[in-house]
Structure formats: structure tokens, C-alpha cells
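Notes follow once the structure below has been shown.
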There are 2 protein chains.
Amino acid sequence: MSLRSALLALITAGPMTGYDAAKRFAGSVGNIWYASDSQIYPELRKMEADGLLSTRPVPWGSKGTTKTEYTVTEDGKAALGDWVASPLTYTLERDPVRLRTAYLEWTDPATARQHFQEHIEHHSRVLQMAEEQIEEITRRTHPTLRRRLETYDDAEARRVVEFKLMAYRGVCARSQAEIDWAEECLGTLQAL
Amino acid sequence: MSLRSALLALITAGPMTGYDAAKRFAGSVGNIWYASDSQIYPELRKMEADGLLSTRPVPWGSKGTTKTEYTVTEDGKAALGDWVASPLTYTLERDPVRLRTAYLEWTDPATARQHFQEHIEHHSRVLQMAEEQIEEITRRTHPTLRRRLETYDDAEARRVVEFKLMAYRGVCARSQAEIDWAEECLGTLQAL
DNA sequence: TGATCCATGTAAGTAGTTACATGATTGC
DNA sequence: GCAATCATGTAACTACTTACATGGATCA
């Protein structure tokens, strides 16, 4: 139900169409919980069917065509509240990187080195993304956040901003740890 | 195909029955790539069908019953080699903890605090598990590793051990980073 | 004789992936 | 007139989860 919660949380920032939701998703929550457009559209419909979202057709173009605008219902807000308050279920480790690392004796040193280098590159990209988000959140230039903050007073807004920052600081901390680890491994590899 | 690779890697330590594989899995690779018994048994059969494992019935009990012993074939070893050498595909972030964190304004401070405390508890357990594994690997008392090392000479064995250690050091580094992050968040929460 | 291993699954369901599919609109 | 963006999906597949199911062997 994470996708559902992510969408619910996103749309609490304000009513938006499916397309708009998909775009905003990619620029905000999607950095933390990735979902493809082909997952988002059907999920929105299911959420409407379940009463978490209400819809309103809004005209689009000149030919009388419409697009669908979604708004979070009271039930939707309640569901979001339930979700944040429910205990997280931690699934047991399932880590492709560590799995690969544990059996690197089955390849040559050059390939092993490359494995760690790619890990560093990947997490450098993630780190950069997270730092950009932190920047936009701190300066409150992030479009979706901006919209969300309109409905809060100053003290509440500070709280809202702080939680978003915590999340991305976590992403940074994690990626930095991954980079440090991979660099240490590269060192050990040399010595081997 | 990670489960398949994990099983392949496990059974390169030496021939084992399905039950034995499931038990050893839980005590070794399973710490890095969890799988339930109900996933393991059918996968072993599929791997046999695909020629990665060969089987031999071994008698069990007194009533002429048998259990199946699996051995990695040459094809299986080749597949394992291909897998370690293939580039890892990094999927985009999908992080339930960060997702939850980003929307903690939808709950009360006490629940928010609990969220981070549970995170710390979870990662403390993971950290402890990884440290235990490191201990057993370093002292070479780990039963599956011990069996694996029989087929290697001293220099190779050192290399094999080192990769296992790298993997678990990664698990430690990650969990430690998670704990540090959650503790920092608890601090920020107080100040809020 | 009862608990605890040993031994091996199936069946139904959920979540997510990959690839494909289509047409209208706006701005240069 | 053409590209980019707006708008919205479906279909087939893979991986994993949850819950259930069964019976022999060993040992106190």
C-alpha cells in the first residue's frame, strides 16, 4: 500500500489531475518511492473506487474534452492518518549489492573493482538528487511543497518542512555510507 | 534472479539436500537475501529443470524413503560466473521508512518518536546479526563457509573470506548510518 | 507418547515491471 | 508543419507473500 499512501500524501498538497499527479510525483515523493506512470493512473482509479479520492471533470482543450481532477476525501485523509500511525513492517534483508559482493571471488579483480565503482556512481547520483531536494525544500522553492504550505500556519509549516528534510537527510546519510563503504572495499581490493 | 543466484552460490559450498539448503540458507546468504522455505524448494526444482543443478536421491530413514541431494553443475557454475560479472541494475529508490518520515506531520509527536525508535531497534538487530556473522567468518567457524573453504588453497581462501567480510561490513555500515540518522531525527523532534 | 526435527511442498493473492498503445494540444 | 507536452491507459509477466498442508524420524 505504499504507492497508495504516497499518492494520497501527494494529493493532500492540493487537487490535481492524473497527469499533474504523475508529473509532480516524479518531482517529489517519486524520489523516495518510485512509481511509473502506468502504475499511477490505474491506482488513482482504484483509490477513487475505494472512496479515498473524489473526482471532478475539468475541461481541457477546445473540443469539449475533459481531464480528471482528483481531490483527497475525508476518508482519504483518515486513511493517510492511519497509515502514518501504523507500525512499519520491516521486511528481512534483501540486498542485491551485498549479495553480489559476498561472491565476488567468482569473477576477476577488474570486474570486482567495477562493481564498487558503479555502486559509488549510483549513490553519488542519489546523493546529488537528495541534496537538490534539500536545497529546494529549505528555500521553499519546491512547487509541490509550496502549494502544500499554503494550508498551514507558520509553526505548522516549519514542522512540515522539517519532516521532508529529515527524509532527504536520511537518503543522503544512507548514500554517503554506501559510498564510504564502497571506497573502503576498493582499498581492500587493492591490498588483496 | 537473485534468489537463484543466492542458491547457486550457496550450493557451490558443496552438495546438499533441499532441507539442508533451506537451513544453511537461513544461516548464511539468507541474512543478505531472505527467502522462505516455500520459495526455496520450488526454485531448486526449477534450477534442476534448467540444468543448473543435478540431483541424486539419498536414502533417508528405514522405510526406503529418499531425499534429494543437489549439486551445482558446470552450467550452474557458468551461470554464477555470468551473474557476478553482469552489471547490477539499480532500481530507483523505494524506501518505506523515508516515505513515512516525509509525512509525519500527519500524526502526533509521540507516534513520530516511536517511528524512529522502532527504526533504531530494527537496525540494532541487523547490526548485531552482521557483527555475529563477521565474528564467525573471521574465526572461520561458520559451518557453510568452512565447507566452502575446503576446496580452496590458502591465498584463495583469504580472498573468499574477504568478500564475505566486505558484504557484512556493508550491512553494518548501512545499519549504523540508519541508527545515527534516526537518533539525529529524535533530537530534531525534541526541538520542534 | 508427544515434542521436535526432518522433509517437501501447493494455492491464492499482491505488487511491481516491461513493453506497448493512442490521440489531442500548444507553441515555435 | 512538427516537436514537445498533455492525457491516459492495457496486457503479459515475474517475484514474492501468506497461509495452508502432510507425514516420517528421532529422542526423552
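Every chain is numbered from 1, with letters handed out A, B, ... down the list of sequences.
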Here the distance between atom P of D:dA15 and atom CZ of A:Arg94, to the nearest Å, is 12 Å
With sequence neighbours left out, the residues meeting side-chain hydrogen bond (donor to acceptor under 3.5 Å, both in side chains) with A:Arg4 are A:Glu43, A:Asp50
With 3.5 Å as the limit, what N/O pairs link the protein to nucleotides 23-28 of chain C?
{"residue": "C:dT25", "atom": "OP2", "partner": "A:Lys63", "partner atom": "NZ", "Å": "3.4"}

Whole-Å distance, A:Met16 CE to D:dA7 P, equals 13 Å
Those residues at least two apart in sequence (or on a different chain) that pass side-chain contact (heavy atoms from CB on, under 4.5 Å) with B:Ala21 are B:Leu10, B:Met16, B:Leu44
For A:Leu92, the other hydrophobic cluster members (4.5 Å side-chain criterion, sorted by chain and number) are B:Tyr34
The remaining residues in the hydrophobic cluster of B:Met1, counting side-chain heavy-atom contacts under 4.5 Å among Ile, Leu, Val, Met, Phe, Trp and Tyr, are none
Residues passing the side-chain contact (heavy atoms from CB on, under 4.5 Å) test with B:Arg146, sequence neighbours excluded, are none
Could you run down the sub-3.5 Å N/O contacts of the protein with nucleotides 8-10 of chain C?
{"residue": "C:dT8", "atom": "OP1", "partner": "B:Thr68", "partner atom": "N", "Å": "3.1"}
{"residue": "C:dT8", "atom": "OP2", "partner": "B:Tyr19", "partner atom": "N", "Å": "2.9"}
{"residue": "C:dG9", "atom": "OP1", "partner": "B:Arg45", "partner atom": "NE", "Å": "2.6"}
{"residue": "C:dG9", "atom": "OP1", "partner": "B:Arg45", "partner atom": "NH1", "Å": "3.4"}
{"residue": "C:dG9", "atom": "OP1", "partner": "B:Arg45", "partner atom": "NH2", "Å": "2.7"}

Residue pairs meeting ring pair (Phe, Tyr, Trp, His ring centres under 6.0 Å), one or both in residues 53-75 of chain A, sequence neighbours left out, come to none
Residues passing the side-chain contact (heavy atoms from CB on, under 4.5 Å) test with B:Ala177, sequence neighbours excluded, are A:Ala177
Whole-Å distance, A:Leu92 CG to D:dT18 C1', equals 14 Å
The remaining residues in the hydrophobic cluster of B:Tyr90, counting side-chain heavy-atom contacts under 4.5 Å among Ile, Leu, Val, Met, Phe, Trp and Tyr, are A:Val97, A:Leu104, A:Phe116, A:Ile120, A:Leu127, A:Ile179, A:Trp181, A:Leu186, A:Leu189, A:Leu192, B:Leu88, B:Phe163, B:Met166
Here the residues of residues 2-15 of chain A within 4.0 Å heavy-atom distance, strictly under, of DNA chain C are none
In whole angstroms, the gap separating C1' of C:dG16 from CG of B:Leu99 amounts to 16 Å
Whole-Å distance, B:Lys23 NZ to C:dA7 P, equals 10 Å
Students should find that the hydrophobic cluster of B:Tyr19, defined by side-chain heavy atoms under 4.5 Å apart, otherwise consists of B:Tyr41
Do NZ/NE/NH1/NH2 and the carboxylate oxygens of B:Asp95 and B:Arg100 come within less than 4.0 Å? no
